[in-house]
Amino acid sequence: MKITTMTGGTRRRRRTALGLLLACSALVSSPAPPATAQTRNVFPPQNGSLPSVANATSPTSNTASNTALRGSTSAQTTTNAANTAADQNQDDPNVATGTTPARNQAANQEPPYEEDLNQPREEPLDRGAEPVETQEQPREPGDPTGIRMGSFLLRPSINQSIDTETRRSNGTKIRRDYLSTSIRGTLNSDWSRHSLTVTGEGTLERNLGSSSQGEQPEANVNADLRLDLSNDTVAHITGGYRFSREDDYDPNALGGASTQPGVHEFTGGASVQRDFGKVRGTAALDLSRAAYTDAKLSDGTIVSTKDRNRTGIDGRLRLGYELSPALVPYVEVATGHTFYDLRRDNSGYARSSQSYAARTGVEFDLGEKLRGEIGTGYEIVDYEDDRLKSVGAVTFNGSATWSPQRGTNVDLGLRTTVQDSTTPGQSGWVEYQATAALTHEMRDNLIARLTGSSTLRDFPSGGPSDETVWIGGAGFTWAINRYLDLTGDVEYEQADGGGADDKIVRAGVGLTLKR
């Protein structure tokens with residue numbers, strides 16, 4: 001048998017084995033060009049576009065350009081065509097190559113795949129601590145209770161409790177058990193502009209027995225209408241009513257009275273605040289009215305206290321400068337006049353008076369953590385009767401709300417007032433009061449409370465000794481469900497000095513129905 005060679009010659013069959021051996025040696029010794037893996041993409045592009053250049057040709061060498069796939073519509077075997085394909089964006093699925101799609105991918109390139117949305121997501125078991133900013137964000141309120149009344153929302157509640165009180169006064173001990181009924185409510189507007197807020201509460205006590213001695217009814221209603229006159233001007237119109245009964249250890253209390261006089265207090269006012277750039281100005285006018293009921297002595301005698309009825313008018317101007325949105329120092333001046341219904345009281349003294357005050361302080365607003373204001377100044381009250389000395393004192397006024405952590409709130413207050421006296425020859429005294437209240441959300445449905453206050457009555461020289469009143473209390477509110485709460489309270493009150501020696505302990509438990 002003859003074998004035809006490349007040159008057209010012939011060889012004998014006996015040389016076939018030697019030729020195959022030489023061919024294999026040549027293949028082993030000479031380097032082979034890199035092979036291009038040809039894989040077919042079984043997932044065609046979802047958008048129906050042509051494959052990219054990287055999936056059609058390999059621009060690594062001229063050899064790769066000469067390995068055009070069989071079945072392509074055009075065999076591009078030149079080096080220029082390969083370089084042009086390399087310059088295009090290999091990630092663009094819209095580039096046309098003129099070759100059959102996805103027939104010449106690199107060996108190490110994985111074919112695209114579709115994500116199986118039915119597979120579970122792999123997440124770490126411990127996400128780690130949340131950022132501080134997230135932890136300090138206020139909790140979103142839950143489904144609020146309330147009664148919708150047009151553009152207003154009313155939130156009423158009524159509490160019924162059974163209480164006990166033990167009073168020790170000047171060596172005597174008096175105990176009474178009584179039922180206490182309290183009604184509270186808030187009314188808020190839902191307007192796009194302006195707002196109206198009305199808050200009110202009232203308490204009625206009934207002793208478990210025939211005697212009404214020691215009962216302390218109370219009522220308090222306040223309304224605030226805010227008018228947004230412009231972006232820089234806000235006005236407030238306020239009004240209120242309060243009823244209370246004087247304490248037995250009050251300096252103006254009647255000695256030997258079984259029922260002290262009650263006090264009806266009416267308040268009203270208007271204020272306008274305007275910002276002039278960084279300067280903030282406030283002008284306010286306040287009205288007040290106090291009317292006293294009759295007192296009842298232990299022998300049944302009725303004593304009129306109408307000579308204490310009076311009306312007051314006060315005005316103030318405040319000017320502040322905004323050092324920053326969180327800090328606004330201010331100065332304030334105020335004056336007022338008090339008119340008594342009777343020119344002279346039962347003792348023959350003309351107690352109408354004129355007051356003057358100057359204060360300075362700072363307003364602060366550090367967001368949800370701390371906000372309020374504090375100031376100090378001087379106030380003096382001059383009486384119409386020359387026999388009554390003027391009363392002047394350094395004043396401290398302020399309020400602050402502090403939230404050290406979410407669910408915990410602390411309310412602080414300072415107030416200084418000048419009170420008129422009913423004692424013959426005595427003009428009045430200066431009263432300093434400090435209050436504090438702490439509420440802590442122990443659980444989502446359990447809130448604990450702590451309250452405390454201290455009142456110092458500073459009498460001028462020649463009068464009675466100074467008097468101090470301390471009050472401390474604790475309580476809780478447990479939300480049984482959305483409409484019913486269980487409440488419990490305990491309170492201790494002590495009055496020392498000024499001829500008073502009273503110690504009072506109160507405790508009670510009740511249910512609150514809310515809507």
Side-chain angles (χ1 to χ4, degrees), residues 193-197 222-240 265-289 311-339 353-382 390-403 410-419 428 430-435 458:
R193 186 180 180 187
H194 316 306
S195 68
L196 174 63
T197 302
N222 292 285
D224 183 2
L225 174 62
R226 191 195 73 211
L227 301 175
D228 301 321
L229 303 181
S230 67
N231 294 334
D232 300 327
T233 306
V234 178
H236 287 267
I237 299 177
T238 60
E265 297 180 79
F266 304 88
T267 59
S271 65
V272 178
Q273 178 179 306
R274 181 174 177 81
D275 293 343
F276 304 90
K278 291 185 174 296
V279 179
R280 180 179 303 174
T282 304
L285 184 66
D286 297 318
L287 299 174
S288 63
R289 169 73 179 171
T311 302
I313 179 171
D314 298 276
R316 57 188 175 90
L317 295 174
R318 173 180 291 192
L319 193 64
Y321 184 79
E322 184 178 324
L323 295 179
S324 69
L327 202 62
V328 181
Y330 68 87
V331 293
E332 180 179 283
V333 293
T335 184
H337 193 84
T338 301
F339 306 88
S353 61
Q354 182 74 34
S355 63
Y356 307 92
R359 307 180 186 94
T360 184
V362 61
E363 301 175 12
F364 49 90
D365 187 353
L366 304 180
E368 298 176 353
K369 285 298 183 183
L370 181 63
R371 63 164 58 94
E373 69 172 70
I374 186 171
T376 183
Y378 188 84
E379 182 176 0
I380 185 170
V381 178
D382 294 329
S390 300
V391 178
V394 176
T395 61
F396 300 95
N397 296 277
S399 62
T401 300
W402 176 42
S403 179
V410 180
D411 295 321
L412 305 173
L414 288 174
R415 188 180 68 171
T416 304
T417 58
V418 177
Q419 302 289 335
V430 181
E431 189 167 291
Y432 299 94
Q433 186 178 47
T435 60
D458 185 11

Legend entry - Side chain to side chain, V279 and L319, heavy atoms closer than 4.5 Å: yes
Inset, instruction - Taking the side chain as every heavy atom from C-beta outward, state whether L287 and F266 have any atom pair closer than 4.5 Å. - result: no
Inset, instruction - Please tell me if the side chains of D314 and S355 come closer than 4.5 Å, counting only heavy atoms from C-beta onward. - result: yes
Legend entry - From OG1 (T267) to CZ (R289), nearest 0.5 Å: 13.5 Å
Legend entry - Euclidean distance, R274 CZ relative to T233 OG1, rounded to 0.5 Å: 3.5 Å
Inset, instruction - Compare every heavy atom of G269 with every heavy atom of D286, then report the nearest pair and how far apart it is. - result: OD1-CA, 3.8 Å
Legend entry - For R193 against L229, the heavy-atom pair lying closest together: NH2-O, 3.2 Å
Legend entry - Under 3.5 Å: donor-acceptor pair, side chain of H337, backbone of S353: yes
Legend entry - Side-chain heavy-atom pair L323, P329 within 4.5 angstrom cut-off: yes
Inset, instruction - Indicate whether any N or O donor in one side chain lies under 3.5 Å from an N or O acceptor in the other, for T335 and Q354. - result: yes
Inset, instruction - Could you pull out the closest heavy-atom pair between Y378 and I380, with the gap in Å? - result: CE2-CB, 4.2 Å
Legend entry - Check: T376 side chain, T395 main-chain N or O, donor-acceptor pair, under 3.5 Å: yes
Legend entry - Identified side-chain contact (heavy atoms from CB on, under 4.5 Å) partner of L196 from the options L227, L225, I237: L225
Inset, instruction - Supply the atom-to-atom distance R359 CZ to E332 CD, rounded to the nearest 0.5 angstrom. - result: 5.0 Å
Inset, instruction - Start with the C-alpha distance between D224 and T238, add both sets of side-chain angles, then the distance that settles side-chain hydrogen bond (donor to acceptor under 3.5 Å, both in side chains), and finish with yes or no. - result: CA-CA 5 Å; D224 183 2; T238 60; over 6 Å; no
Legend entry - Pairwise distance CG(L317) to CG(L285) - rounded to 0.5 angstrom: 10.5 Å
Legend entry - Pair D228 + R226, salt bridge at N-O below 4.0 Å: yes
Legend entry - Charged tip of R318 within 45° of Y330 ring normal and under 6.0 Å: yes
Inset, instruction - Please round to the nearest 0.5 Å and tell me the distance separating atom OH of Y321 and atom CZ of R280. - result: 12.5 Å
Ignoring hydrogens and angles, write down the donor-acceptor pairs under 3.5 Å from the side chains of residues 411-419, residues two or more places apart or on other chains.
unit_1	atom_1	unit_2	atom_2	d
D411	OD1	T401	OG1	3.2
R415	NH2	Q433	OE1	3.1
T416	OG1	F396	N	2.9
T416	OG1	F396	O	2.8
T417	OG1	Q419	NE2	3.1

Legend entry - Nearest non-hydrogen partners of Y356 and D382, listed with the distance: CE1-OD2, 4.0 Å
Inset, instruction - Give a yes or no on whether a salt bridge exists between R371 and D365, defined as a side-chain N under 4.0 angstrom from a carboxylate O. - result: yes
Legend entry - Distance (rounded to the nearest 0.5 Å) between I313 CD1 and F339 CZ: 7.0 Å
